[in-house]
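Here it is, the structure, as structure tokens.
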Amino acid sequence: MIIGVLALQGDTREHLHALAELDVIARPVRRPDELDSVDALIIPGGESTAMSKLAIEFGMTEPLRKRIGGGMPTYGSCAGMIMLAGSILDGRADQVPFGGIDMTVRRNAFGRQVDSFEGTVDISDIDGGPFSAVFIRAPWVEEVGPDVRVLGRVSGRSGPSGEAARAGLSTGSAAGRIVAVRQQHLLATAFHPELTGDLRVHRYFVEMAREAGQTTEG
Ligand SMILES: NC(=O)CC[C@H](N)C(=O)O
């Protein structure tokens with residue numbers, strides 16, 4: 001099994017590194033023929049408006065829509081979550097998501113004054129305690145359709161910076177927000193597990209990809 005990491009823009013390297021730590025064969029994907037050669041895909045964090053523009057320029061939008069819609073296991077973190085959404089609030093008018101997950105996300109949702117903060121997130125399918133999750137100009141999920149499972153919400157604050165408090169975690173405006181979802185073969189988180197060295201989300205996704213591979217092969 002080969003897992004690709006979309007390499008148009010964003011923190012591709014960090015995801016490749018996380019996959020290498022898990023002994024998975026992983027490679028960057030920029031062109032349609034490279035997409036053809038992978039079994040699953042990670043869409044990294046970065047800037048979704050730039051990613052959308054580059055995907056159009058590289059002729060990747062339609063091939064990606066087709067593979068994602070056709071059952072390729074795909075995981076999006078942060079900007080990648082935005083690109084997997086059916087609909088985007090506070091996006092740019094010319095921004096075209098790849099879609100796949102029946103959800104509405106709000107870009108830069110935690111407030112413009114807060115560029116980044118750490119929060120805690122419990123993910124229902126993943127053992128080992130809450131995640132210390134890094135949010136960088138992150139979206140949250142505003143609404144989900146009936147086929148989407150909510151896996152995680154912001155449960156509290158962590159980290160010494162007090163940024164989480166400014167993000168409203170103490171007053172409750174960020175607490176409880178949906179930041180991890182799954183719809184069948186598609187997974188998305190608003191935070192960046194690739195930046196914290198906690199490999200549990202990647203391990204979970206690799207398992208998803210393996211299971212999908214077994215179903216198609218057998
Ligand atoms: N860290 C991120 O991926 C930020 C996402 C960014 N705010 C966007 O709209 O794409």
Side-chain angles (χ1 to χ4, degrees), residues 2-31 34-35 38 40-58 60-61 64 67-68 72-85 88 91-92 95-98 100-101 105-110 114-119 121 123 126 131-141 151-152 154 158-159 161 163 167 179-181 186-206 208-209:
I2 302 173
I3 299 187
V5 181
L6 192 62
L8 297 173
Q9 193 272 337
D11 62 352
T12 304
R13 229 180 14 179
E14 287 76 2
H15 280 289
L16 287 169
H17 186 74
L19 291 169
E21 297 260 300
L22 293 172
D23 289 326
V24 172
I25 304 171
R27 57 171 74 138
V29 166
R30 238 171 246 109
R31 299 191 315 256
E34 291 169 337
L35 179 63
V38 298
L41 186 74
I42 293 179
I43 305 175
E47 174 50 55
S48 60
T49 54
M51 216 180 277
S52 160
K53 211 167 145 213
L54 288 166
I56 294 167
E57 262 173 53
F58 278 70
M60 285 292 275
T61 306
L64 279 164
R67 287 289 314 268
I68 293 167
M72 173 179 64
T74 306
Y75 164 47
S77 65
C78 202
M81 169 186 255
I82 297 171
M83 294 307 288
L84 285 174
I88 303 170
R92 278 178 49 137
Q95 184 171 2
V96 188
F98 309 134
I101 301 184
V105 298
R106 185 176 293 281
R107 281 183 68 229
N108 304 329
F110 290 95
V114 182
D115 275 339
S116 68
F117 67 95
E118 279 179 43
V121 178
I123 298 203
I126 302 180
F131 281 80
S132 184
V134 174
F135 294 88
I136 305 170
R137 295 181 65 73
W140 67 42
V141 178
L151 295 187
V154 178
S158 65
S161 67
E163 291 285 339
V179 290
V181 295
L186 305 176
L187 175 72
T189 64
F191 58 96
H192 293 268
E194 73 278 15
L195 299 182
T196 52
D198 185 337
L199 294 172
R200 287 178 293 160
V201 173
H202 289 83
R203 198 173 285 123
Y204 177 80
F205 176 63
V206 168
M208 274 174 65

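Heads up: numbering here begins at 1 and tracks the sequence. Just so it is clear, the structure is predicted and the values come from calculations on it, not from any experiment.
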**OP:** Side-chain contact test, heavy atoms from C-beta onward, threshold under 4.5 Å: evaluate it for M60 versus L6 and give yes or no.
**Re:** yes
Original post:
For C78 and A138, which heavy atoms make the closest approach, and how far apart are they?
Top reply: SG-CA, 3.9 Å
Original post:
For L199 and E21, which heavy atoms make the closest approach, and how far apart are they?
Top reply: CD1-CB, 3.8 Å
Subject >> Distance (rounded to the nearest 0.5 Å) between I43 CD1 and I82 CD1 >> reply: 11.5 Å
Subject >> Heavy-atom side-chain proximity of E34 to R27 below 4.5 angstrom >> reply: no
Original post:
Quick one: CE on M83 to OG1 on T74, what's the gap to the nearest 0.5 Å?
Top reply: 12.0 Å
Original post:
When L187 is tested against each of I42, L151, V181, I101 for side chain to side chain contact (heavy atoms under 4.5 Å, CB included), which residue passes?
Top reply: L151
Original post:
Which distance, rounded to the nearest 0.5 Å, do you find between the CD1 of I68 and the CZ of F98?
Top reply: 6.0 Å
Original post:
Checking Q9 side chain against E47 main chain: does a donor-acceptor pair fall under 3.5 Å?
Top reply: yes
**OP:** List in chain and number order the residues that pass side-chain hydrogen bond (donor to acceptor under 3.5 Å, both in side chains) with R106, two or more places apart in sequence or in another chain; answer none if no residue qualifies.
**Re:** D90, E142
**OP:** Taking all non-hydrogen atoms of both residues into account, name the closest pair between A79 and G46 and its distance.
**Re:** CB-N, 3.4 Å
Original post:
Under 30°, 30 to 60°, or over 60°: which ring-plane class applies to H15 and Y75, parallel, tilted or perpendicular?
Top reply: perpendicular
Subject >> Check: V121 and F135 side chains under 4.5 Å, non-hydrogen atoms >> reply: yes
Subject >> Minimum side-chain heavy-atom gap L41-R67 below 4.5 Å >> reply: no
**OP:** Considering non-hydrogen atoms only, spot the tightest contact between H192 and G45 and give its length.
**Re:** CE1-CA, 3.7 Å
Subject >> Separation between CG of L19 and CD of E194, rounded to the nearest 0.5 Å >> reply: 10.5 Å
**OP:** Drop me the distance from R107's CZ to Q95's CD, to the nearest 0.5 angstrom.
**Re:** 5.0 Å
Original post:
Does the side chain of V179 reach to within under 4.5 Å of the side chain of F110, using non-hydrogen atoms?
Top reply: yes
Original post:
Do you know which two heavy atoms are closest between A180 and I123, and how far apart they sit?
Top reply: CB-CD1, 4.0 Å
Original post:
When rounded to the nearest 0.5 angstrom, what distance separates OG in S52 from CD1 in I88?
Top reply: 7.5 Å
Subject >> Stepwise side-chain contact (heavy atoms from CB on, under 4.5 Å) check, I126 with F131 >> reply: CA-CA 10 Å; I126 302 180; F131 281 80; 4.0 Å; yes
Original post:
Which residues pass the salt bridge (Lys or Arg N to Asp or Glu O under 4.0 Å) test with D198, sequence neighbours left out?
Top reply: R200
Original post:
Considering only heavy atoms from C-beta outward, does the side chain of T196 approach that of S132 to under 4.5 Å?
Top reply: no
Original post:
Of all heavy-atom pairs between A40 and A209, which one has the smallest distance, and what is that distance?
Top reply: CB-CB, 3.9 Å
